[in-house]
Structures are given as structure tokens and as C-alpha cells.
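Just below is one structure, and these are the notes that go with it.
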Amino acid sequence: MDVVDQKAVDALRFMSIDMIEKAQSGHPGITIDAAPMAYVLWEKFLNFNPEDDKWLNRDRFVLSAGHGSALLYSLLHFNQFDVTLDDIKEFRQLGSKTPGHPEFGHTKGIDATTGPLGPGLGMSVGMALAERHLASIYNKPGYQLFDHYTYALAGDGDLMEGLSQEAINIAGDKKLSKLIVLYDSNDISLDGPLSLSTAENEKERFEAAGWDYVKVTNGNSLEEIQKAIEIAQGTDKPTLIEIKTVIGYNTPDAGTNKVHGAALGAEKVAEARDAYGWEYDPFEYPAEVYDRFNQYVEEKKAAHDEWVKLFEKYGQEYPAEYAQLTGNTLDVADLVDEYQTGDQIATRVASSDVLQQLAKANPQFWGGAADLASSNKTALKDDGNFTPDNYAGRNIYYGVREFGAAAATNGINLHGGSRAYVSTFMVFSDYLKAAIRLAAIQHLPSIFIFTHDSLAVGEDGPTHEPIEQLAMLRTIPNVQVFRPADAHETVEAWKVIVKTTDKPSVLIASRQKLPVLAETKGADVEKGAYIISPAKTQEPDGILLASGSEVALALEVKAKLQKQGDYDIQVVSVPSIERFKEQSAEYQEQVLPTGVRHRLAVEMGNTQAWYQFVGLDGRVVGVDTFGKSGKGPEVVADYGFTVDHVVDVFNKMWEDQN
């Protein structure tokens, strides 16, 4: 590489410095020391087209160390993405295209939302999984549609997060050879030298996980970085390239944590300009640098245009496959519900039945579990396992790695071309909550299946009986949670889930068998709540609300109350609180008439969410303590989920209010 390439690297550095200085906020250290590796990767290797940022066969780039966003915005600007110099000057300002951390869907060219350290690595693993899977299914003789790399740029902090170990083990086990991680190894974290907190040998760690390892001793050598990437592209394993750098290179505080997370200040910026021999004013960059970037971009556009022609021809020869790759919804036209009233079926089993139907109709549908497929009932029968010998397999065995599995699922859905789900026990949703949150922020249609949903888990006791998890899941913005009452509602919930493309969905399913109810067949689950057993009048004596396994209980309670006192009771099934709250005021009034103050909610979980519906005068039969170990039905009864107890609570409420 020549002097202009070096000047282009320094332009990246000073654009980052300039925008951070103007904002008086940001992380200059990584943007300065990682500029050489980012430049070599983006200009010499990364395939993309700024005019088609959703190109299916583009190389993916995940800035796992998302605090280095200024460097990424600089790359986008110079590489002709829709990030102007004015956008650069608005770094970290309200409403700008250049927010504090990269945001997928907000700025073109961003392949993943990052910032929390670790998930970027996990999502890059998912992207690499998707590339191998789609290539195995959709590539045909003469049509090499999928043949791209996934690159991540990670820092010391990324590799300290526990998620990183889950991610690298998944990638190593699956031999994701087209995944390459550039490790900005500067031995500094926010609080100081890395020696304060870790003495890990990353070479030995990654090799033990089944990765190849390459080391670049001089992070400023463009030639050494280029050679390392070439080596990584030639291996049959994922590769970590450790690139030794000096954080904030050539600044007064270089090599220290002082340059990690704060603007340098005018005086130190001036010293850096002298050290680099950078003679340009802030936000001024030489024409020869723009010309060099433009040269590389034009070459990339040509490769993109050739692929587009190939894809169009592919669509003529393989129209069904083309439609699957370009569509964003799954086919549910043939989804059948043949359950009979009175059958006893766990909703995890009903969900499994739906999964098989969806898989049969949609080759682009796949997923996995955190070592619980047999318990969650989420394996796709006769579809094979995703392994290095069978990348077309549709069952991903993630191992006991809940967070890694969820992050990878987000990566698969970010990649595009397929739709992925992941499953575990509901109580372990704690382990992957951050991934659900990132899915919601990115508007990803990731599907999370959580089974063993309540006290009915029984003998496994309080560690395995979810109490607060359902409430937690319902508080995450832009997430829809479904807890179906029986097999019928499970089918209807899945119909909504597969049509939802702008947010993640959570399906909560029972371990224990539940009665199939006549009233739920064809239920309007899409509206989140509906009258499952209507009252005789417009303003009944009371309303019973329930979700999941407690809906059948509520129906029994109504029957007993009517025998006791000739109450006029309305029973409402609430499979999804979030969707119900999205309905019109008229519909909500129809289901929950405001004039009815006698309201009782029943659910085996934290009570907090239900007070918005029962009001200050209402009651909730729920669980606000941890569970117990014992036979499931006995534990459930011990916590008051019996007809007699719920009837007593309703009668006491009636007495208090009348």
C-alpha cells in the first residue's frame, strides 16, 4: 500500500477525532488505533455496495466494540453511504444519523446494533451460521448465490464478557470458516491496564474452542494486516486475528485509559495533528483521499452488479427458492388445528406440532435450543442437524449456552433470507434477556420459545419455577409475549408470530398437559385478549381475567360462582397483554367494560402487570414469592390456584365492595 492509503487511514482517524471533539463526547482511543485494520478490511476485502445496503451476498461487518462508532461512521462517509459531512458533525446529537453507538435500521451500512460488549460477537456467529446454511440450501450449479464472509471487530472488553466464550464455542463447533474476528488488542480497558482484571491467553483460548489464530505484531502495518486476513480466508476454521495496537496511538495519552472514553481536548488534538503531520483543519480532508476511497468502491459496485444479474437469472430458473429468499413472511395457509375438545395436551407439544407444519411449508424456517430441544419440543423432525457435514440441517444444537444461542438467532435474522427461533426453559430467559432487548431495539422478528412456564414444574423447585420472568418479558418495549391457554390458542398465537416482521415474539408454553377448550377454537388471539365466556348482560357482576393454564381454572370458577350466587360473570382470556393494549379503546371497552369494578385476574406469576386491568378495587391471584419443590399439582394447589380458593377471593372482593 502507498502513501495515499496511509493518508486515508489518517483521514479516518481525524474524522473520528473531529466528530468526538465537536460533540465533546465519545471514545477516541479505539477509533485511532483500529483505523489501520478497519481501512484494510473495508477497502481491500469487504464486499458491499453503498447503493444496496441490503444486498444478500454482501460481506457482513459487525463493530462488536460499538463504542468505536465514530470510526464506523467515518468509514460509511468515505465509502459513499448516506452519511454526509453534516451528519458527521452531528455525532451523538439528538435525531442524528450518527448516534452514540451503531444502530441497525437507523443508519445505512450498519449491519447490527452494538454497544453492550459481547453481543456483537454473538450476532456475527449467527450471520456466519446463516451464510453456511443458505449456501447449502439455495446455491445451485452455476449459481453461487451465497459465498461471503462475516467480519467482526472486537476489543478486550468484548472478549472478557461471558457471552464471548459461548459465541466462540458455537462457532468453533460448527467450523464457521467464513467468520473472521479482528481483535483490537491494546491491553487497556476503561478502568486501566488489562492486567488489573485478566491474564487470559487469547491464542490458547480460541484454539481450544476450535479456531485458527493469527497475530499481527504491528497494528499500524497495513501490509501485515492484509496478509493476516488473507491467511484467515484460507483456513477451514473461524479465525481470530489478534492485532497488537496502542490505544490512542500518537496522542499525548496514548497507551492509557485516559484516551478510552472522553474527548481529547483542543490542546491534545493539536499535539496529535503535529505527531501525524496532519495539516488539515477540522472536517477538512484531501481530495486524493476521497478519490482513493471512490476507486475501491467502484470496484465493489461492479462485483455487486454481476451478482444481481446472476440472482435475476436464478429467479427465472428457481422461482420458488427466489420467493423464499426475497419474502419476509412465512406461509401459514395450510396450518391446521385438529385438536378435539377434552383432549389433554401440553402447549409445548401443541407448539411442536405447529413447528413441524411450518417447517414443511417453509424451507427458510429453522432454529435450535440451548440443549433442551427434547424438553422444549422444538426439534424439527426429519430435517437433520446443522453440522459441518450438513449445513443444510435445520436443527441447531447450541449446547447449554442460552445467551450465545439467542445472540446467534438475532444474527441469523439480521442476515436475512431465513427466519430463526430459539428455545429454553422459561426461568432461563434471565440468561438471555439482553438478547431479547437487542432484538426489540433492532426490530428483529426473532422468535423465543420458553417452556416449563410456571409452578407446575413441581419437583425441580424454586430455581426452576418462573415467577418474575413473565413480568420481566412484558416490560421490554417492542416485544410481544404470548401465553396461550391451550392447543387452540397455541395455533392461533403462532399464526400471529409468523406474520410479525418488525419485533421479536415470545411464546410461553406449559410443561403439563392442559385441557383443550371448546371456546378457544379459532380464538382472536391477534387482539391479545377476548371474551372466552360472555356474561348475560352488558355490565356483568364481575370479570375474571386469566392467561395460559389458568384460563381453564377461571372457567371452572365462573361455573361455581354462578351456582353459589347466580353471579353474572364474564371470563376474558388474555394470551398477550401487549397486543391487547394496542387495540382500539372501543374494543378494550367491549372486553373490559369500565363500569365493572369487580375484576379478578388469575395467573401463576408476578401480579404486577394485572393491576392495570383490575384497578385499585380489583384482586389478583398470583405469585409474588419464590416457588417450592413438590409434585406439580400439589405445589399449584398450595399457592392457591384451586377453584375453591379463587372463588373465596372473588367473594371476599364482592363483600368488600358492596
With under 30° as parallel and over 60° as perpendicular, where do the rings of Tyr339 and His488 fit, or are they tilted in between?
perpendicular
Has the side chain of Asn410 got a donor or acceptor atom that lies under 3.5 Å from a matching backbone atom of Ser446?
no
Does a salt bridge link Arg619 with Asp656, judged by any charged N lying under 4.0 Å from a carboxylate O?
yes
State whether the number of non-hydrogen atoms from other residues, nucleotides or ligands found under 6.0 Å of Gln538 atom CD is greater than 12.
no
Between the main-chain N or O of Val336 and the side-chain N or O of Gln357, is there a donor-acceptor pair closer than 3.5 Å?
yes
What is the distance from atom CD of Gln590 to atom CD of Gln570, rounded to the nearest 0.5 Å?
8.5 Å
Between Glu603 and Arg474, does at least one N-O distance fall below 4.0 Å, as a salt bridge requires?
yes
May I ask you to check whether over 12 heavy atoms, not counting those of Lys495, lie within 6.0 Å of atom NZ?
yes
Please work out which of the three classes, parallel, tilted or perpendicular, describes the rings of Phe650 and Tyr567, given edges at 30° and 60°.
perpendicular
So, Glu492 and Arg579, do they make that salt bridge, N to O below 4.0 Å?
no
Value rounded to 0.5 Å, distance of CZ in Phe613 from CG in Leu592
7.0 Å
Return yes when atom OH of Tyr611 has more than 12 non-hydrogen atoms of other residues, nucleotides or ligands closer than 6.0 Å, and no otherwise.
yes
Pair Ser375, Thr451 - check side chain to side chain contact (heavy atoms under 4.5 Å, CB included), show working.
CA-CA 8 Å; Ser375 292; Thr451 70; 5.5 Å; no
Determine whether Glu103 and Ile110 satisfy the following criterion, side chain to side chain contact (heavy atoms under 4.5 Å, CB included), listing intermediate values before the conclusion.
CA-CA 7 Å; Glu103 296 181 18; Ile110 305 293; 5.8 Å; no
Tell me whether Thr113 contacts the main-chain N or O of Phe104 through its side chain, where contact means a donor paired with an acceptor under 3.5 Å.
yes
Any salt bridge linking Asp644 with Lys560? Criterion: basic side-chain nitrogen under 4.0 Å from a carboxylate oxygen.
yes
Should the heavy atoms of other residues, nucleotides or ligands under 6.0 Å from NZ of Lys54 be counted, would the total exceed 12?
yes
Verify side chain to side chain contact (heavy atoms under 4.5 Å, CB included) between Tyr431 and Phe425, making sure each step is shown before the conclusion.
CA-CA 10 Å; Tyr431 286 139; Phe425 288 165; over 6 Å; no
Look at Lys652 together with Asp648 and state whether they make a salt bridge at an N to O cut-off of under 4.0 Å.
no
Heavy atoms from other residues, nucleotides or ligands near NZ of Lys503 exceed 12 (cutoff 6.0 Å):
yes
Given the rule in the side chain to side chain contact (heavy atoms under 4.5 Å, CB included) test, do Thr114 and Met123 qualify, once you have shown the distances and angles that lead to the verdict?
CA-CA 10 Å; Thr114 57; Met123 289 186 285; 4.3 Å; yes
Residues Glu550, Arg483: salt bridge by 4.0 Å N-O rule:
yes
Main-chain N/O of Ala359 paired with Asp383 side-chain donor or acceptor, under 3.5 Å
no
I want to know whether Tyr421 and Phe365 have ring centres closer than 6.0 Å.
yes
For the CD atom on Gln588, are there more than 12 heavy atoms of other groups (residues, nucleotides or ligands in this structure) within a distance under 6.0 Å?
yes
Parallel, tilted or perpendicular, judged at 30° and 60°: which one describes the rings of Phe386 and His133?
tilted
Donor-acceptor check, side chain of Asn362 to backbone of Asp331, threshold 3.5 angstrom: yes or no?
yes
Taking everything shown except Tyr391 itself, do over 12 heavy atoms lie less than 6.0 Å from its OH?
yes
Donor-acceptor pair, side chain of Ser136 and main chain of Arg132, under 3.5 angstrom:
yes
